[in-house]
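To keep things clear, I will list the structure first and then write my remarks on it.
It should be emphasised that the depicted structure is a prediction, and the values quoted were computed from it without experimental measurement. Just so you know, ligand 1 is whichever comes first in the structure, and atom 1 is the first atom listed for that ligand.
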Amino acid sequence: MTLTLGIETSCDETSVAVVEGGRRVLSNVIHSQVDLHREFGGVVPELAARDHLERLPHLLDLALAKAAVQPADIDLCAVTRGPGLVGCLLVGVGVSEGLAAAWAKPITGVNHLWGHIYAAMLARPDLEPPLLGLVVSGAHSDLVRMPEHGRFEVIGRTRDDAAGEAFDKAARMLGLGFPGGPALDRLARTGDARRQPLPRPSLPGLEYSFSGLKTALLYRLRDLGDRITDQDRADLAAAFERSVVESLLEKLDKVLPTGGEVARRAGGELQEVVVAGGVAANSLLRRRAAEVVEGRARLTMPPLELCTDNAAMIAAAGTYAAVHPADVDPSLSW
Ligand code: KG4
Ligand code: ZN
């Protein structure tokens, strides 16, 4: 069975993993740079790239030791080649190329977004394409069809901000600091969306747009001014979260079969649906996605530690990309 070493450095998590057969995680060590970037209120690309370079050697030793494997046991090196911060990607790709050359192993570049979908296969090893995926991260909100391993068709995406980016900016407006998404999630749990309703973005077709919602929040905060209370902030967090989540799920709902269609289907095979990426860690999205998909398809959402950036998902995706080399889209580059 293929033993793959994965390396992920596309943004502010440095991660090294060893995955067996594209499905079984033997180790997945992750270092988050959150403390490094907090004082700047966001990821500083130059600092992020340097930190990846400093930490990778130790994380590599840890990942191999935890998996109880030697470099000689590794069959394949898989590394995120994009999308992401270019300086950060270069560190991961450079280190992986060095390892692959020194160890005389093959290397494959992985698209980070497809990696997020493979995280679901680590969570449910029997999961196979065809599937429908909603990949929601700090930089992307993509609705994709995956007809087979290594093949992805984007059927909907955002016109402006990604869902994670919208959460991060809203969190900053609400004074929640960095990282914003998880903080907004926590605050929203104490709020009531109905007390401070915000518009739900809805474009025709399968496109998303979150910049108007962000502006609506800005104006509401301006109107409230100094009178704003902690409860108002929590209510606004809940309203913002609800608008983003319902907008994301509205498009998923559109492409899912109706209950009647499912009942009429001969084989009784349920369509597979994956909701993945950092924003898939959001509690409301997890709950509402389960409700929307219920009875119409089978939903897989990776556990929280596999939703946010990690190298195990890159190793998993790389294993399949290597098995099906013809299916790797050569236009994907960083
Ligand atoms: O996939 P990811 O770890 O990195 C990228 O590929 O971008 O996603 C990070 C994004 C950030 O925007 C972060 O705020 C968001 O995921 N996020 C969340 C939650 N946890 C992470 N957004 C909302 N609720 C959460 N619980
Ligand atoms: Zn990501």
Side-chain angles (χ1 to χ4, degrees), residues 6-15 17 28 30-34 37-38 41-43 45 48 52 79-86 88-89 92 110-120 122 133-142 144 157-158 161-174 176-189 191 208 210 213-214 237-249 274-289 301-314 316-317 334:
I7 291 190
E8 155 64 36
T9 61
S10 67
C11 190
D12 61 345
E13 264 98 20
T14 320
S15 180
N28 186 24
I30 305 169
H31 171 78
S32 162
Q33 298 178 354
V34 159
H37 301 293
R38 185 172 284 114
V43 178
H52 287 311
V79 59
T80 305
R81 67 165 174 167
L85 299 169
V86 177
C88 294
L89 292 165
V110 172
N111 179 307
H112 180 83
L113 296 171
W114 312 151
H116 276 301
I117 290 190
Y118 276 92
L122 294 170
L134 174 63
V135 188
V136 271
S137 74
H140 290 80
S141 303
D142 290 349
V144 301
R157 60 171 36 142
T158 179
D161 290 359
E165 191 182 357
F167 276 134
D168 292 337
K169 287 178 179 166
R172 191 181 300 183
M173 285 189 239
L174 291 165
L176 298 178
F178 172 84
L184 189 139
D185 186 346
R186 279 191 300 276
L187 182 62
R189 303 284 68 77
Y208 296 114
F210 297 111
L213 173 63
K214 216 174 48 187
F240 192 90
E241 182 192 53
R242 184 171 73 173
S243 290
V244 171
V245 165
E246 293 307 328
S247 166
L248 288 173
L249 294 176
V274 167
V275 179
V279 178
N282 179 267
S283 8
L284 182 67
L285 179 58
R286 294 182 86 83
R287 182 162 58 76
R288 288 286 301 128
M301 297 186 82
L304 299 195
E305 68 277 12
L306 290 177
C307 281
T308 44
D309 291 348
N310 66 87
M313 67 185 198
I314 301 303
W334 36 277

State the atoms of ligand 1, each with its element, that fall below the 4.0 Å cut-off from a heavy-atom position in [X].
X	result
His116	1 (O), 6 (O)
Gly138	5 (C), 7 (O), 8 (O), 9 (C), 10 (C), 12 (O)
Thr308	3 (O)
Gly164	12 (O)
Phe167	22 (N), 23 (C)
Ala139	7 (O)
Asp185	24 (N), 25 (C), 26 (N)

Counting heavy atoms only, name the option from Ala276, Gly278, Gly181 that's nearest to atom 21 (C) of ligand 1.
Gly278

Please confirm whether Gly277 comes within less than 3.5 Å of ligand 1 when only nitrogen or oxygen atoms on both sides are compared.
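N/O-N/O distance under 3.5 Å: no.
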
Without hydrogens or angle criteria, can the side chains of Thr14 and His52 be said to hold a donor-acceptor pair below 3.5 Å?
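Yes, because at least one side-chain N or O of Thr14 sits under 3.5 Å from a partner of the opposite role on His52.
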
Mind checking whether Thr80 and Leu89 have side chains closer than 4.5 Å, heavy atoms only?
yes

Does the side chain of Val144 come within less than 4.5 Å of Arg157's, by heavy atoms?
no

So which N/O/S atom does Asp309 have closest to the Zn ion (ligand 2)?
OD1

The Zn ion (ligand 2) has as its nearest N, O or S atom from His112 the atom NE2

Donor-acceptor under 3.5 Å (Asp12 side chain, Val43 main chain)
no

N, O or S atom of His140 closer to the Zn ion (ligand 2) than 2.8 Å:
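For His140, the answer is no, given that no N, O or S atom comes within less than 2.8 Å of the Zn ion (ligand 2).
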
Parallel, tilted or perpendicular: which one describes the rings of His112 and His116, with boundaries at 30° and 60°?
perpendicular

